[in-house]
Structure formats: structure tokens, C-alpha cells
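As C-alpha cells, the structure follows; a few thoughts come after it.
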Amino acid sequence: MTDPEVSVLLHCAAWRGLLESRVQVELSERYNRQTDDAVEHHIEEVWRERVSREPWLFNGAKFRLHSFCFTSLKSTSSTCCTSPKHLPCTHSCEVHHQEDQEDKLPNCQRREGLWGSGDAAQKSLDLRPGTENVEGVIHQSVGTLDQASSHSSKNTDDPESGPLLTLRLGLTCYKDYLGTNWSCRVAGLRQRGEAEFNDPMVMLSQPLGVGAILCTNDGQVVMIRRSQRVAEAGGLLDIPGGHPEPKAVCESLGQAGCEEISMAMMQRRPEAVVSELFASVCAEIRDEVNVPLSCLGQPVLMGVALNHTSAERPSAEFYVSCSLTSEDVRQLYWKGGAEAHESTDIIFLSRAEVLQLDRSCPLWSELCPSAKGAVLLYQTVKPDGD
């Protein structure tokens with residue numbers, strides 16, 4: 001099934017999803033977007049105009065997804081991919097805790113060594129619209145690892161074996177997102193990125209979001225209808241979601257009250273970033289649906305989807321079980337949570353209905369892109385059953 005609004009960047013179907021212990025991050029300034037004075041001037045103009053119309057907006061730091069790498073602890077094989085073209089990386093798949101050496105290189109050289117070539121590059125995946133159908137992509141993205149894993153364990157959490165996913169992250173912010181991914185000049189930025197860096201995404205913000213397929217103990221998947229007052233996809237059905245926050249990571253590491261986000265501090269404690277990635281999706285469920293954290297199971301990472309309506313913005317999609325019934329959740333929702341203003345209604349779909357959703361269903365057109373991406377991943381990974 002193809003949909004021009006969404007595609008799958010990576011999935012974890014070989015292991016029916018990954019728990020927190022199976023995911024690691026590599027942080028570096030080399031994974032930030034590329035820019036110049038003209039781009040920065042445009043971003044400032046866009047931000048001033050937007051804030052003049054919506055004075056309640058505020059800027060905040062976000063994590064920028066640069067690339068990812070699948071590997072296996074029981075073998076030396078690995079599959080390294082760079083978004084969005086997924087060219088195999090020659091950069092090390094290990095997490096580096098020491099400071100990177102990118103400051104010794106000019107900007108135009110910092111991404112060298114991340115790109116594959118020759119026969120390896122021919123095996124890369126291109127998820128841009130019209131190049132691959134989604135079903136083909138999601139079954140190929142970790143094909144080299146499927147033979148070793150063969151669905152050997154559900155939601156892998158074995159410290160001695162199983163896959164590892166490394167997410168390579170830089171920093172960005174909401175202002176940069178509005179001035180690049182949402183800019184009227186985004187096509188030109190992508191063309192420049194392709195021409196100058198062989199990467200159409202290199203000049204875009206690409207903030208990493210999170211979303212959750214939340215399933216109650218009576219087999220109902222939770223969706224919420226977005227308010228018409230939200231910035232994107234007003235009135236459409238969505239899943240609970242938001243963003244992991246670099247500020248929350250720094251505060252957890254003792255940097256409370258400081259406006260500056262310390263990349264160096266997070267590089268020394270990359271596990272704190274992973275913890276925020278997984279914790280943030282539960283926090284969004286609590287704030288948007290009003291379900292207590294104590295009623296939620298461990299988040300299971302299904303994969304990352306791309307939203308083509310915002311220039312392929314990435315979102316990590318999780319499966320989260322809930323110990324409450326759908327009626328319990330309904331009652332809690334209507335009591336109102338911290339972010340109750342972001343939605344106007346709650347809808348429940350059975351697991352079977354979600355597994356059968358496709359473009360032929362009238363409900364599909366009511367889903368916002370983030371929800372479509374999560375549904376595609378849920379159908380592929382099947383984290384809660386065969």
C-alpha cells in the first residue's frame with residue numbers, strides 16, 4: 001500500500017519491536033543541519049512573521065535524526081543507513097563517548113565518510129514518493145538481518161544477543177523546523193542539499209518526533225481527534241505523540257535552569273537520551289489522554305515513519321500496552337489531561353480494524369500522516385501478536 005503523505009524509513013519487524021535496552025544513540029554536531037547566512041536570515045524572517053500571528057509560540061530545542069544503523073551483537077554484520085536515501089554508511093557503528101573531531105573540518109567536509117558507494121550503494125533504499133511502494137520498503141530495510149533473527153524473540157531484551165539500533169542525532173529547534181521543513185523555500189533547500197552534499201535533507205531541520213499505538217487491555221487502539229486550533233492536521237485523527245526534549249535530558253543530568261543545551265553533556269551520557277526518547281512517548285500519552293504512567297507498559301519501538309507533508313519529517317513510532325479498559329480510558333480522557341486542549345474527541349478501533357486499515361477504507365482519509373505511519377508500522381511489526 002502506498003500513500004503520498006507517508007513512508008517508512010525503518011522498521012523492527014524482525015524482532016517485533018525493540019525495547020529501550022536494544023536502542024542506543026550517537027550524538028554529534030556533525031549530525032546538525034548544514035546552513036549559511038542567507039538560510040539563517042530566512043529562518044528568522046519566517047519566525048518573526050509566525051510569532052506576530054501566533055504570539056503564544058515558543059522556540060525549543062529538538063533532536064535531529066541524521067541516520068541510523070542496525071547491527072547484531074552475535075555477529076559483525078551491520079546495516080547502516082543515512083536518511084533519506086539510506087546509503088550504507090562507512091562510518092563506525094559504535095557509539096563514541098569522546099568529543100568528535102568535526103570542528104577540525106569545514107562544514108562541506110563533515111559528512112564525508114557517511115556515504116556508501118559502488119555495489120553497496122546499489123542496495124540502498126529510496127523512500128521518496130513514487131520510487132518504492134511501502135510494502136516493498138518495509139520488508140527490505142533490514143532484510144540483511146532478517147535471516148539471522150527470523151523473529152527469534154518478541155520485543156528483544158536479551159543482553160547477550162539480539163539486534164541493536166543506533167540512531168545518529170544532532171540538535172535542531174522548532175524555529176528551524178518552521179523555517180526549513182515548513183518553509184515555502186523547502187524545495188530549493190532540498191535541491192541545494194542534493195547538489196552540494198548529495199543529501200536533499202541536509203539543510204532541513206528534521207526534528208525527531210514520537211508517537212504511540214496505545215492498546216487497551218480489551219484490545220482497543222486509542223486515537224484522538226486533533227483540535228482545529230493546533231498548528232498541523234487540525235480535525236484529523238491522530239495517535240498520542242510529541243517530541244523527546246533535549247532540555248529534559250539536560251535537566252535530568254543536573255543542568256536545570258540553564259537555557260543552553262549542552263551537546264557535550266549528552267555525549268557523555270547517551271543512555272539518558274535513549275531514556276528520554278522512550279519516556280517521552282509515555283509522557284505524551286499521560287498528557288494527551290490522561291492515562292497514568294503506572295497503567296502503561298514498556299514502550300516498544302516499531303520503527304520510524306516519514307511525514308511527506310512536512311518534507312519527510314521523521315517520527316519514532318511505538319507500541320504501548322495499557323492495563324485499563326477502553327471505557328476506563330474514555331472516562332479519564334474526558335476528565336482532561338495537561339494537554340486536553342490539543343484534541344476534541346477520543347476514538348477506539350479494534351486491533352483487527354487497525355490491522356485491516358488501508359487506503360480503500362473511508363477512515364484512512366481521516367488519519368493525519370503521523371497516524372498513518374504508525375498504523376503501517378503496527379501492521380508490519382505486529383508487536384502484540386502473530
Side-chain angles (χ1 to χ4, degrees), residues 1-3 5-8 11-13 16-17 134-135 138 155 209-228 230 232-242 281-282 284-292 295-297 299-303 305 307 309 315-337 339-340 342-386:
M1 176 178 64
T2 61
D3 188 298
E5 292 187 342
V6 66
S7 63
V8 172
H11 73 80
C12 307
R16 296 197 184 151
V134 171
E135 289 180 350
I138 56 184
N155 313 147
V210 295
I213 292 288
L214 176 63
C215 192
T216 64
N217 75 353
D218 54 345
Q220 299 291 304
V221 173
V222 176
M223 291 194 174
I224 50 180
R225 190 170 296 280
R226 295 173 62 84
S227 167
Q228 293 287 359
V230 296
E232 300 176 45
L236 296 179
L237 290 178
D238 201 0
I239 55 174
V281 73
C282 291
E284 294 294 345
I285 293 171
R286 175 197 62 199
D287 294 343
E288 295 182 6
V289 189
N290 202 30
V291 173
C295 298
L296 302 177
V300 177
L301 178 63
M302 300 186 294
N307 181 344
T309 68
S315 182
E317 307 296 356
F318 295 82
Y319 170 81
V320 180
S321 62
C322 177
S323 62
L324 303 174
T325 67
S326 54
E327 185 55 34
D328 293 333
V329 172
R330 188 192 308 276
Q331 292 179 17
L332 287 168
Y333 172 83
W334 287 113
K335 289 181 179 179
E339 298 178 359
E342 295 185 0
S343 65
T344 59
D345 199 4
I346 187 167
I347 290 93
F348 296 91
L349 299 176
S350 71
R351 179 177 179 272
E353 288 175 311
V354 175
L355 289 172
Q356 294 171 6
L357 269 179
D358 59 30
R359 293 186 70 185
S360 68
C361 302
L363 186 63
W364 186 261
S365 62
E366 292 192 54
L367 301 181
C368 67
S370 57
K372 291 178 179 179
V375 167
L376 288 174
L377 283 165
Y378 179 71
Q379 293 173 341
T380 303
V381 177
K382 296 181 177 64
D384 55 352
D386 295 330

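Quantities reported herein were computed from a predicted structural model and do not represent experimental measurements. Just so it is clear, the values below take in all heavy atoms, side chains as well, and ignore hydrogens, waters and symmetry mates. Numbers for residues simply follow the sequence, beginning at 1.
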In Å and rounded to the nearest 0.5 Å, what is the CD to OG distance from Q356 to S350? 7.5 Å

Residue pair F348 / Q220: nearest heavy atoms and the distance that separates them: CB-OE1, 3.7 Å

Would Y378 and D384 satisfy side-chain contact (heavy atoms from CB on, under 4.5 Å), going step by step from the backbone distance to the final call? CA-CA 9 Å; Y378 179 71; D384 55 352; 2.7 Å; yes

Heavy-atom nearest pair, A305 first then V6, reads CB-CG2, 4.4 Å

Tell me, do Q379 and L376 make a side-chain contact under 4.5 Å, heavy atoms counted? yes

Would you check if V8 and T380 make a side-chain contact, meaning some heavy-atom pair closer than 4.5 Å? no

Under 3.5 Å: donor-acceptor pair, side chain of N217, backbone of S323: yes

Whether Y333 side chain and D345 backbone form a donor-acceptor pair below 3.5 Å: yes

Heavy-atom pair of closest approach, residues V354 and V375: O-CG1, 3.9 Å

Taking side-chain hydrogen bond (donor to acceptor under 3.5 Å, both in side chains) as the criterion, tell me which of K372, R226, R225 meets it with D238. R226

Are any non-hydrogen side-chain atoms of L332 and L324 less than 4.5 angstrom apart? yes

CG of D328 to SG of C322, rounded to nearest 0.5 Å, is 8.0 Å

Return yes if some donor-acceptor pair links the side-chain N/O of R359 with the main-chain N/O of W364 below 3.5 Å, else return no. no

Do V381 and V300 have side-chain heavy atoms sitting under 4.5 Å apart? no

Beyond-backbone contact of R330 with I346, side-chain heavy atoms, under 4.5 angstrom: yes

Do T216 and T325 have side chains that get closer than 4.5 Å, going by heavy atoms? no

Trace of the side-chain contact (heavy atoms from CB on, under 4.5 Å) decision for I239 with L214: CA-CA 8 Å; I239 55 174; L214 176 63; over 6 Å; no

Side-chain heavy atoms of L363 within contact of M223, under 4.5 Å: no

Heavy-atom distance under 4.5 Å between the side chains of E288 and S343, does that happen here? no

With rounding to the nearest 0.5 Å, note down the distance linking CG in L236 to OG in S370. 9.0 Å

As an exercise, state the distance from CG of D287 to CD of E342, rounded to the nearest 0.5 Å. 8.5 Å

Where is the tightest heavy-atom contact between L296 and P292, given as atom of each residue plus distance? CG-O, 3.7 Å

Atom pair CG/CG of L349 and L237 - distance to nearest 0.5 Å: 7.5 Å

Can you name the closest pair of heavy atoms from C282 and G297 and give their distance? SG-O, 4.4 Å

Minimum heavy-atom distance V320-A212, with the two atoms named: CG2-CB, 4.2 Å

